[in-house]
Structure formats: C-alpha cells, structure tokens
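Here the structure is laid out as structure tokens; the discussion comes afterwards.
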Number of protein chains: 2
Amino acid sequence: MSDLLERLRGRGWRMTAQRRVVAEVLEGDHVHLTADEVHARAVDRLPEISRATVYNTLGEMVSLGEVIEVSTDRRAKRYDPNAHRPHHHLVCARCGAIRDVHPSGNPLADLPDDERFGFTVSDVEVTYRGICPNCSATA
Amino acid sequence: MSDLLERLRGRGWRMTAQRRVVAEVLEGDHVHLTADEVHARAVDRLPEISRATVYNTLGEMVSLGEVIEVSTDRRAKRYDPNAHRPHHHLVCARCGAIRDVHPSGNPLADLPDDERFGFTVSDVEVTYRGICPNCSATA
DNA sequence: TGTTTGACTTGGACAAAGTCCATTGTAGGA
DNA sequence: TCCTACAATGGACTTTGTCCAAGTCAAACA
C-alpha cells in the first residue's frame with residue numbers, strides 16, 4: 001500500500017475503493033494532475049467512480065495536508081502528492097510542463113519586517129517560469 | 001492621462017472609450033481587481049461596456065506586458081497594473097487581502113543549475129501567505 | 001457472521017469564470 | 001468627410017468546480 005494511503009488510514013479515514021484508486025493515481029514524483037485528469041485515470045480502474053467523489057477526495061487530502069494544490073496557470077488546479085517534501089515549481093510557459101524544484105535559501109527569510117504590513121507570514125510559494133528543453137528544441 | 005494609457009498608446013493602440021475606462025480603473029498601488037470587479041467599476045463610468053470587452057482589454061494589456069495576472073487563490077485571476085515595478089505578493093489566507101511586497105535577494109539566483117532540468121528560466125513569482133492584522137484581531 | 005449506522009458515493013442540477021463568434025460600431029488615416 | 005480595418009457587443013457555449021437528496025457500504029459490535 002502506498003505511503004499516502006497508509007497515512008490517510010492512520011488519520012481514521014474509512015477505506016473505500018474510490019479513495020484507494022484516487023490515492024494510487026497520485027503516486028510518484030513530478031505528479032501534478034488536474035482533478036479531471038485524476039478522474040480520467042481513476043475511471044480506468046474503477047469505471048463507476050464519479051466526478052464529485054474525486055473532487056471530494058482530493059479536497060479532503062488537501063485539508064489533511066497530505067496533498068498540495070498548485071495553481072500554475074489560469075486553468076484547473078493541480079494536485080501534488082509530495083506535501084511532506086518542501087519544494088517549489090518550475091513551469092514551462094509554452095507547454096505547461098511542471099517540475100518540482102528545490103531552491104537554495106529560504107524565501108521566507110527574505111521578506112523584511114517592514115514589508116510584512118503586520119501580517120503573520122507562515123508560508124511561501126515560489127513558481128519559476130521558463131521554456132523547457134523540449135519546447136526550446138521545437139521552437 | 002495615466003502612465004499606463006500613455007504606454008499603450010505608444011504601442012499603437014487604437015484609443016477607445018472602453019480601453020480608456022479599463023486603464024483608469026486599474027490605476028494605483030495595491031490594485032488587484034478581478035475581471036468582474038474591473039467590469040463593475042467600468043460600468044459606473046461607461047454603462048454600456050461589455051464583459052467581453054473587459055476580458056479582451058485585460059488580456060491585451062497582459063500580452064503587452066503592461067499588466068500582470070496574479071492567481072493568488074482558487075478563484076478569479078486578478079490584474080495588477082504595476083508590471084514595471086518588480087514585486088511579489090503577500091496574501092491573507094483568511095480574507096484574501098493582497099499587498100505588494102519587495103523581498104530582499106533574488107529568488108531567480110537561488111535556483112541551482114542542477115535544479116533547472118534544462119529549462120531556460122526567465123521569471124519567478126513569489127506568493128507569501130499569512131494572516132493580515134485585521135483578521136488576526138477579529139479571530 | 002449478521003446487523004446496524006453514519007460516513008461515503010452518486011449523478012445531476014447549478015454556479016462562476018472565461019471564451020468564442022457573428023454582427024454592429026467607430027478611430028483615425030487618406 | 002469617407003473608408004476600412006480594428007474594436008465592441010451580447011449571447012451562446014465551455015470549463016471547472018460545488019451542492020444536494022437519495023442510495024450504498026465499511027467497519028464496529030454483538
């Protein structure tokens with residue numbers, strides 16, 4: 001069983017076929033699927049799974065902090081299962097490909113007090129943009 | 001006339017009442033309106049302006065690099081007119097308030113070569129998240 | 001193992017945000 | 001002033017996501 005599923009079970013999740021399939025679809029590194037993509041892959045394994053269940057399940061995983069929502073473009077949110085490995089994202093401006101990246105330094109520390117406007121700052125999300133090797137080759 | 005409008009005219013834009021109104025609505029610092037908010041304010045000055053025109057105009061401003069699209073949450077894109085003053089954003093996780101911020105350091109330089117996966121990296125977008133003073137007071 | 005129950009799933013209606021397009025209008029040059 | 005290419009309009013359509021009432025089932029318990 002996957003780590004993700006293991007952790008969810010540990011949190012008292014009732015284990016259903018639907019949830020198992022959604023968790024399995026999300027396995028791996030550099031996985032950044034949209035909800036509809038997750039649904040399409042889930043349907044391959046469990047044809048009767050509904051869109052609403054996929055949305056519900058992804059939403060619960062996010063609330064539990066087991067999956068991260070990533071909004072890299074104007075389109076659908078994407079779901080990243082590596083919630084427990086801090087990282088940021090590198091996105092191809094042309095084809096939308098996404099890679100997980102690990103910058104040096106801590107961007108949180110780079111925000112001076114006089115630029116915090118009294119906010120309690122707890123998190124930072126960094127998105128690098130550029131052109132991937134594939135797209136620059138076929139330019 | 002606003003700076004924004006001036007620059008757009010310099011780029012050969014045909015000047016229409018609609019475009020003028022959209023540009024005027026976007027004036028100012030810490031302005032991060034959604035397309036619908038822009039439309040609502042534009043309608044106050046020019047009642048017959050259509051939603052499609054607001055979307056088109058904002059889209060053109062973005063393509064020309066005069067306005068930046070900001071996706072701070074799951075909801076609508078927001079439009080930031082300060083495209084020529086490099087900055088990032090600080091967002092309240094509770095009420096959604098947005099401030100422009102200027103971190104020290106250059107996050108682009110923090111991405112090592114071996115984390116670039118062959119991408120030509122050209123831009124970086126940083127979103128800080130936290131709770132604004134107003135929301136932490138009324139917790 | 002069978003029963004029970006509340007959590008889970010379903011499918012369809014609904015909503016928000018954004019795009020597309022045929023038609024109509026108009027800015028700005030000749 | 002007239003022309004024409006560019007721009008605006010508004011309504012249909014698409015995509016993405018939410019909500020809900022009714023049915024289903026995982027797992028605790030006897």
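In what follows, every heavy atom counts, from backbone to side chain, and hydrogens, waters and symmetry copies are set aside. Numbers restart at 1 for each chain; the letters A, B, ... are given by sequence-line order, proteins then strands.
Put simply, NE2 on A:His88 and NE2 on A:His102 are 9.0 Å apart, with the number rounded to the nearest 0.5 Å. Here CG of B:Leu26 is found 10.0 Å from OH of B:Tyr79. Values are rounded to the nearest 0.5 Å. Residue A:Leu8 holds its CG atom at 4.5 Å from CH2 of A:Trp13, rounded to the nearest 0.5 Å. Here OG of A:Ser63 is found 10.5 Å from CG of A:Leu58. Values are rounded to the nearest 0.5 Å. Atom CD of B:Glu66 sits about 6.0 Å away from atom CG of B:Leu4, to the nearest 0.5 Å.
Under the 3.5 Å distance criterion, with hydrogens and angles disregarded, a donor-acceptor pair is assigned to the side chains of B:His32 and B:Asp100. Under 3.5 Å, the side chains of B:His89 and B:Asp80 contain a donor-acceptor pair of N or O atoms.
Residues of residues 39-54 of chain A that place a heavy atom closer than 4.0 Å to DNA chain C, in numerical order, are A:Glu48, A:Ile49, A:Ser50, A:Ala52, A:Thr53.
Chain B approaches DNA chain C within less than 4.0 angstrom (heavy atoms of the protein), and the contacting nucleotides run 5' to 3' from C:dA17 to C:dG28.
When rounded to the nearest whole Å, the span between OH of B:Tyr55 and P of D:dG10 equals 16 Å. Between A:Lys77 atom NZ and D:dT18 atom C1' there is a gap of 10 Å when expressed in whole angstrom units.
Heavy-atom nearest nucleotides on DNA chain D were determined for A:Asn56 and for A:Ala35, and the one closer to the 5' end corresponds to A:Ala35.
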Per-nucleotide protein contact string for nucleotides 25-30 of chain D (B base, S sugar-phosphate only, - none; heavy atom under 4.0 Å):
BBS---

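At the phosphate of D:dT16, neither OP1 nor OP2 sits under 4.0 Å from any side-chain N or O atom of A:Arg75. Under 4.0 angstrom from either OP1 or OP2 of D:dT9 there lies at least one side-chain N or O belonging to B:Gln18.
Closest approach of B:Ala83 and B:Ile68 over heavy atoms only: CA-CD1, 3.6 Å.
The rotation axes computed at either terminus of the helix from C:dT1-D:dA30 to C:dA30-D:dT1 lie 30° apart, taking five pairs at each end and rounding to 10 degrees.
In B:Arg11, the CZ atom is crowded: over 12 heavy atoms of neighbouring residues, nucleotides or ligands sit closer than 6.0 Å.
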What pairs of donor and acceptor atoms, side-chain ones from residues 116-125 of chain B against any protein atom, are under 3.5 angstrom apart with sequence neighbours left out?
from, atom 1, to, atom 2, distance (Å)
B:Arg116, NE, B:Leu111, O, 2.8
B:Arg116, NH2, B:Leu108, O, 2.9
B:Arg116, NH2, B:Leu111, O, 2.9
B:Ser122, OG, A:Arg129, O, 3.4
B:Glu125, OE1, A:Arg129, NE, 3.3
B:Glu125, OE1, A:Arg129, NH2, 3.0

Show which side-chain atoms of residues 41-51 of chain A pair as donor or acceptor with protein atoms under 3.5 Å away, not counting sequence neighbours.
from, atom 1, to, atom 2, distance (Å)
A:Arg45, NH1, A:Glu24, OE1, 2.7
A:Ser50, OG, A:Thr53, N, 3.2
A:Ser50, OG, A:Thr53, OG1, 3.1

Test side chain to side chain contact (heavy atoms under 4.5 Å, CB included) on B:Asn82 and B:His87; report intermediate values, then the result.
CA-CA 8 Å; B:Asn82 288 321; B:His87 65 278; 3.8 Å; yes

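The residues B:Arg99 and A:Glu115 are annotated as not salt-bridged, no charged nitrogen and carboxylate oxygen being separated by less than 4.0 angstrom.
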